[in-house]
Amino acid sequence: MIQVEHLTRRYGSQVAVKDLSFTVPTGQICGLLGPNGAGKTTTMNVLTGYLSASEGRVIISGHDILEEPMEARRQLGYLPEQPPLYPEMTVEEYLRFVAELRRVPRTQRAEQVRKAMNRVAAADMAHRLIRNLSKGYRQRVGLAAALLGDPEVLILDEPTVGLDPAQMIEFRALIRQLGRKHTVILSSHILSEVSAVCDQVLILSHGQLTAQGTPDQLAEQLADRTRLQVLVLGNAEIAARAVHGLDGVQEVHAEEENGKTRLEITLNAGADQKQQAAVSLALAAAGCAVLHMETEALSLEDVFLQLTEFDPQEEDPPEPPEADEDGYEDDVVEPDEEEGGPQP
Amino acid sequence: MIAIFKREWKSIFSGMLGYSLCAAYVLVGVLYFWVYNLLNLYPDFGYTLYSTTFAMLVFIPILTVRSLAEERRARTDQLLLTAPVGVPSIILGKYLAMVAVFTVPVAVLGLCPLVMRMYGIVSLAKAYGALFGYWLLGCAGIAIGLFLSGLTENTILAALSTFGVLLLSYLMPGIQTLFTVGSLLALGVFGLLAALAGLLAGIRSRSLTFGMLVFLGLCLALGLLYGLQSAALTSAFSALLGALGLFTPFESFIYGIFSIPAVLYYVSIAALFLFLAGQGLEKRRWN
């Protein structure tokens, strides 16, 4: 279980994450979605205790990450964007090192390392030096390391980046499997991945949470239109004219092909069976037989683009300070030019 | 901590680094031993050790540079800082591994007095006392190297700064004689230090005014001191330089004095810089 309350993180005068609050209940897979620079990695770094929060609290399995760091970290498995691997060690050596770091009792270490390697299908690389592994295998080793100690919470930062399609599918299946017993937060900017794997989606933009919900909920929430794809037998012009005047129809596109017309009808949001029936009857009345009718809901991609296009910072530009009654301006701290962004 | 110790030790000896460093150091030590003690029949092993201390100027930077700077560069510090391991454990684990690596050539050189014994009468207590002081000197130097390595991501910068600091320390007796000349020079150097302090204060508080105030305040204090008691200034300066000279307390070991103050000095330096190294790691979280 992860609880984040009013998390804010600043790098100098730049705010990377602003007033972020969310909860991930146990056993759920939560996706952090956002364009590059939205603050996903910063959020994850704060969640794992690598960075501290400028304001706010993070509670992992009931332990505050800053006040009870040891207990909280024991319940955390972290796979950063670049897995922290030591190139000069072999896979088995590295995993055994991580197991020792994570306080796995000596008697269980070998067993847990073996199980983790089998889980990520990297057992045949056990004695290979990490510097000789391919990117896909390095990700797997990183994930295996995150699994050691059987932590309750798994935090994965862009886990499938750089993998080939087959590996990506395997990885996602693995994450779904893990999600049954662990609480998982994964970040991604691949929408299909998030909608395929996650139970809950958080959309971040410019450091702020702009939407939250299941992939379907989000699509529903933000739909301002529904689209009907209709295939009719008949002339394009007649079909289009028949539908055009109907209630709730915004736009009609017609394309004719071999005597059949493909219509794309954009209706107002909340179009239900009544509208579909009206469209179908209107077409029948005009002499066009309906062969196929399909509703097209708003995809997560459209939701994403819609939500991340607008910049919350542009909504309210800061007003210039005005002089007080006594003629003096309030003290304004100018943002330091050189301090922008994370330090190297 | 033990996990980190084991890993660091294995890592240093996984490639050629550990072996070549230890071999080179033993080579230098044995060379001086051969020339001073065996060829020229000098009975003092302590003096031989003192002559080899320059080798530490190269050994320590190379040894310590990869401890923290490399971790930061390769982002493996993310693993250490998100594991249920405290910062003191991390620092101590790394430090002890490096001390262990340093102990290897020192232990080999420890065989030298026994060789001398075969050919004459040698005070083993004096020789091994000197060896112990020598080892402590190295441990203090390694702590300084660890701290400096944690300040940057750039391994070359870390190595060079460790080398620079140790070199300055090494040349400190010479520098000290330069500065006993006049209190004006001492004033100048202290003035520079005041400027540095002002700069640091200004950067930390992000306010030019505060930095300037600190600088002016210190200058005022220095001016008063110079006007009223310039001798105090020179002696204070001398004392400051003396404290920075890492290699001078070892000299008492050469004369056969097992100097407890020197032992304490080395232990304190090591403790101080280990503490600062830990603070450096913690600071990264809050930045």
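Every value quoted in this text rests on a predicted model; they were computed, and no experiment measured them. A note on names: the letters A, B, ... follow the listed sequences, proteins ahead of strands, and every chain is numbered from 1. Computation of the quantities below employed the complete heavy-atom set of this structure, encompassing side-chain atoms and omitting hydrogens, waters and symmetry-equivalent molecules.
Atom NZ of Lys181(A) is surrounded by 12 or fewer heavy atoms from other residues, nucleotides or ligands within 6.0 Å. By the 6.0 Å contact criterion, CE on Met70(A) is enclosed, its count of non-hydrogen atoms from other residues, nucleotides or ligands being greater than 12.
Taking 4.5 Å as the heavy-atom cut-off, the residues of residues 74-83 of chain A that approach chain B are Arg74(A), Tyr78(A), Pro80(A), Gln82(A), ordered by number. Contacts between residues 266-280 of chain B and chain A, counted as heavy-atom pairs separated by less than 4.5 Å, involve no residue at all. Proximity to chain B at a heavy-atom threshold of 4.5 Å picks out Arg103(A) from residues 103-115 of chain A, in numerical order.
Residues Phe97(A) and Leu79(B) come closest through the heavy atom pair CE2-CD2, 4.1 Å. Considering every non-hydrogen atom in both Pro84(A) and Arg75(B), the closest pair reads CB-O, 3.6 Å.
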task: Check step by step if side-chain contact (heavy atoms from CB on, under 4.5 Å) holds for Ile155(A) and Thr82(B).
output: CA-CA 11 Å; Ile155(A) 300 189; Thr82(B) 54; over 6 Å; no
Item to complete: Walk me through it: do Arg7(B) and Glu93(A) pass the test side-chain contact (heavy atoms from CB on, under 4.5 Å)?
Response: CA-CA 9 Å; Arg7(B) 195 213 84 78; Glu93(A) 273 174 7; over 6 Å; no
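If you check the side chains of Glu71(B) and Tyr86(A), you find a donor sitting under 3.5 Å from an acceptor.
Val98(A) touches chain B through its side chain: at least one heavy atom from C-beta onward sits under 4.5 Å away, while N, CA, C and O do not. For a residue to count as touching a neighbouring chain, one of its non-hydrogen atoms must lie under 4.5 Å from one of that chain's; by this rule Leu85(A) touches chain B with the backbone only.
Within the 3.5 Å criterion, the main-chain N or O of Ala83(B) finds a donor-acceptor partner in the side chain of Arg73(A). With Ser52(A) contributing its side chain and Arg285(B) its backbone, the two residues share a donor-acceptor pair below 3.5 Å.
Remark: Ser11(B) pairs with Glu88(A), Arg66(B) by the side-chain hydrogen bond (donor to acceptor under 3.5 Å, both in side chains) rule, at least two apart or across chains.
Ranked by heavy-atom pairs under 4.5 Å with chain A, the list Thr152(B), Leu81(B), Ile2(B), Leu80(B) is led by Leu81(B).
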